[in-house]
Amino acid sequence: NQGRENDKEALACLQEAETIVEESFGKEDPRIVEIKRDIALLYLKMSNQEVALQYLQHVEYLERRLHGSQSTNVARTLKALGTVHMVRRNVGEAEQCLLQALRIFEADYPPNNAIIKDIRA
């Protein structure tokens, strides 16, 4: 139970940071992406895939705006989205996200061989 309490406390702190950064620097500040990603991962850890999915989708949108649709940042988020979709048994959506991530990683130079191998597994 101590772990759950720590997760709840961490989530509260991250959500407070999210609010402060959005109010101070705007909703598309690069710092907000990292905070939202951390919140998503924490929700995943807490077995709340629905909210994690929403946060990851927002992170993907922001990363596309900040880094371009072919960036490895977007690909990493697509890989995470694909994983969440797999856990939720959304096979079609999982496949779509993972294939998009795979294309980006394969086009990157030098290629991310370890991540490519992981996606193909």
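In this chain, residues are counted from 1 in sequence order.
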TODO: Working to the nearest 0.5 Å, report the span between CG of Leu99 and CD of Glu106.
DONE: 9.5 Å
- [ ] Output the distance between atom CD1 (Ile119) and atom CD1 (Ile115), rounded to the nearest 0.5 Å.
- [x] 7.0 Å
Open item on the list: Assess whether a salt bridge exists between Glu18 and Arg31, defined as any Lys/Arg side-chain N lying under 4.0 Å from an Asp/Glu carboxylate O.
Closed with: no
Open item on the list: I need the minimum non-hydrogen distance between Met86 and Ala94, along with the two atoms involved.
Closed with: CG-CB, 3.5 Å
Open item on the list: Counting neighbours of CD on Glu95 that are heavy atoms of other residues, nucleotides or ligands and sit closer than 6.0 Å, is the number greater than 12?
Closed with: no
TODO: Hey, could you give me the CG/CD distance between Asn90 and Gln96, rounded to the nearest 0.5 Å?
DONE: 11.5 Å
Task: Minimum side-chain heavy-atom gap Leu11-Gln15 below 4.5 Å - done: yes
Open item on the list: Assess, by modelled atom type and distance only, whether the side chains of Thr77 and Glu60 contain a donor and an acceptor separated by less than 3.5 Å.
Closed with: no
Open item on the list: With side-chain contact (heavy atoms from CB on, under 4.5 Å) as the test, pick out the partner of Ile39 among Leu56, Val59, Val51, Leu14.
Closed with: Leu14
Open item on the list: Just verifying a value: how many Å separate Leu41 CG and Met46 CE, rounded to the nearest 0.5 Å?
Closed with: 13.0 Å
Task: Shortest non-hydrogen contact from Glu22 toward Ile32 - done: CG-CD1, 3.4 Å
Task: Ion pair check, Arg76 and Glu63, cut-off under 4.0 Å - done: no
TODO: Please answer whether the main-chain N or O of Ala75 pairs with a side-chain N or O of Thr72 as donor and acceptor at a distance below 3.5 Å.
DONE: no
